[in-house]
Amino acid sequence: MNPTSRRASASQESLHRIFTIPEAPDSTLGVIEKEMSENLLGFLGQHIVAVEKPLNEIEKDFACSALPEEPEFVSDHMHHLLEKLVAQSVHTSSPSFIGHMTSALPYFILPLSKLMVGLNQNLVKIETSKAFTPLERQVLGMMHRLVYGNHDEFYQQWMHSADHSLGAMCSGGTVANLTALWVARNNLLKADGDFKGVAREGLFNALKHYQYDGLAILVSERGHYSLKKSADVLGIGQDSVIAIPTDENNKIDLQKLEQKCQALTDNNIRILSLVGVAGTTETGNIDPLKEMAAIAQRFNCHFHVDAAWGGATLLSNKHRGLMDGIELADSVTIDAHKQMYVPMGAGLVVFKNPASVAAIEHHAEYILRKGSKDLGSHTLEGSRPGMAMLVYASLHIISRQGYEMLINQSIEKAHYFAEQINNHPEFELVTSPELCLLTYRYVPKEVQAMLEIASDEQVEVINSLLDKLTKFIQKRQRENGKSFVSRTRIEVSRYQGKKVLVFRVVLANPLTTKEILNDILAEQCELAKESQQYLPELLAHVANT
């Protein structure tokens, strides 16, 4: 906190001022706004430290639980935030930050976000959002059309219908997936005769009425963890989310999926939903969606596609064929805050049938009245901001053609990086990119030669040593702060399906260059040589084998 001779006080005048009078241009806040509007990357690069500070040290700055009794001046508090918060934040927009699905944002997002926050619209109801409601319905119509490709007449009929919804804006893929499965559950266990439906009577009575011994959700072993959370919340139970093995390309094994569906059916377990993954979190692969849709139809169950990551690929005419079959899904999740370059908190789910969401319709006397076009009547979340405005603006400012260029470049960059890894004697490409994700690891050439001829037992020992080296390199690279890749553990078919630790990269940032990618490999080579324990131990083991 900068020392000051002034002392802030709580008064009617000061409270009125902070609601009505902006900060002066030369104030700390004014300067920050100016710097960010003129050079966002420069501001972030200057204010976010390069060297990692241990989390337990950062926690000391946020250790006091006492509520502040005395107010602070805005400028003083901004100095505090710059020093304690901003300086220890992650530079997600850096072109060398390629470890996660968070990327740089377009500059226009900053003023539009300020406008959105200033308007402070609550999308639960028209009375608190007015024009934002038809705008959000239009955005959902655009995204529905992107997935399902219906004609103008379809959208003219359903997009603004009070009793229907083409989907829901959500805070992210987790809520979107939950919403899809919620709709599927309520439609499956709907009111029937004297039974009032699962929404009214609960899961126990629903299963008893329909005489099922349980419900199941089937997804590949690469499925997102949000599905287990959804099953938990919906009362189905996490163990009812059944992971189906994948093939050597990280896609669901269709034969094993069908066999499991039949076995469950034979045991009176009703299949609630098959979930296809269009862009797995770890490897970026896409399930055979068309074939999964056919299996879902045979077993008369809801087909949901989790395209939180890969859904934006539909904006590319060149690559949308990778999503073949997604148009057969009953529901689809897409995160705009991933490859559509919108800030966090902009997920969505769309439903093929506009009447599907009637199964989760809810009303209240003071809000969400029957017959209104309030969006909250068909959403899990109540109060929420107008993030659809940023999706709407991005679709118009960037356009489909612009998005296609961004997506194509990302996929091309991933293929370039995969080629560099394949051609480098010290690296092993573990999973090839289908979208713009890939995994690899540092493996000295003599170790690669040994892996080719080693027994299964020897391979397991070598991979255990490589895991330790991979973790060392990844942590040191993160601590150095020049670049960042993440790490994960995945099953690899050529190693008897055993899990190995790998580097994981996401090449969605349009500012990431080929030179940066080459530098990252060079840095990892140097970091490996800094290992005084793991690399020598690995090389010694191979030499003595």
Side-chain angles (χ1 to χ4, degrees), residues 105-106 108-109 112-113 115-117 119-126 128-152 154-162 164-173 175-177 179-180 183 305 307-315 320 326-327 329 331-354 356-357 373-381 383-404 406-407:
L105 295 173
F108 66 79
I109 289 293
L112 287 178
S113 296
L115 178 63
M116 185 193 77
V117 171
L119 286 168
N120 198 27
Q121 305 290 285
N122 183 352
L123 272 291
V124 69
K125 183 167 178 59
I126 291 174
T128 57
S129 62
K130 204 61 181 288
F132 271 66
T133 294
L135 176 142
E136 182 166 304
R137 283 182 173 270
Q138 184 185 8
V139 168
L140 289 168
M142 290 174 172
M143 299 306 292
H144 189 282
R145 189 166 188 154
L146 180 67
V147 173
Y148 296 109
N150 292 318
H151 296 298
D152 288 342
F154 175 91
Y155 297 100
Q156 287 167 4
Q157 181 178 359
W158 302 115
M159 197 160 67
H160 295 288
S161 169
H164 302 82
S165 180
L166 297 179
M169 292 294 301
C170 309
S171 58
V175 176
N177 284 339
T179 301
V183 167
V305 173
W309 172 250
T313 309
L314 293 167
L315 291 159
R320 69 169 290 139
I326 196 171
E327 72 283 356
S331 56
V332 176
T333 286
I334 298 175
D335 272 349
H337 58 230
K338 291 189 168 76
Q339 290 194 89
M340 292 180 71
Y341 305 96
V342 172
M344 286 294 151
L348 60 95
V349 58
V350 291
F351 294 93
K352 187 172 190 176
N353 182 353
S356 295
V357 294
K373 295 186 178 182
D374 297 335
L375 296 168
S377 61
H378 297 116
T379 58
L380 175 63
E381 295 164 290
S383 299
R384 55 188 179 79
M387 292 297 293
M389 168 188 158
L390 300 183
V391 183
Y392 177 87
S394 297
L395 285 168
H396 282 83
I397 294 170
I398 297 175
S399 79
R400 191 210 58 79
Q401 287 188 24
Y403 274 121
E404 173 161 28
L406 291 169
I407 290 160

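The closest side-chain heavy-atom distance from I398 to L406 is below 4.5 Å. Between M169 and L348, the closest side-chain pair of non-hydrogen atoms falls below 4.5 Å. Within the 4.5 Å cutoff, the side chain of N122 has no heavy atoms near those of the F132 side chain. In this structure, M387 and M116 have side chains that are in contact, with non-hydrogen atoms separated by less than 4.5 Å.
Residues L146 and R320 approach most closely at O-NH2, 3.3 Å, considering heavy atoms. Shown here for V124 and S383, the closest heavy-atom pair between the two residues is CB-N, 4.2 Å. Annotation for V349 and S331: closest pair CG2-CB, 4.3 Å, computed over non-hydrogen atoms.
Under a 3.5 Å cut-off, the side chain of Q121 and the backbone N or O of L119 do form a donor-acceptor pair. In this structure a side-chain-to-backbone donor-acceptor pair under 3.5 Å is missing from Y392 to L135. Side chain of R137 to backbone of S161: a donor-acceptor contact under 3.5 angstrom is found. In this structure, Y148 contributes its side chain and F351 its backbone to no donor-acceptor pair below 3.5 Å. Judged by distance alone, with hydrogens and angles left aside, the side-chain atoms of E381 form a donor-acceptor pair with the main-chain N or O of S171 at under 3.5 Å.
Considering V139, I109, L112 in turn, I109 is the only one that fulfils the side-chain contact (heavy atoms from CB on, under 4.5 Å) rule with S394.
Ring orientation note: the planes of F154 and H144 are close to parallel, at an angle under 30° on the 30°/60° scale.
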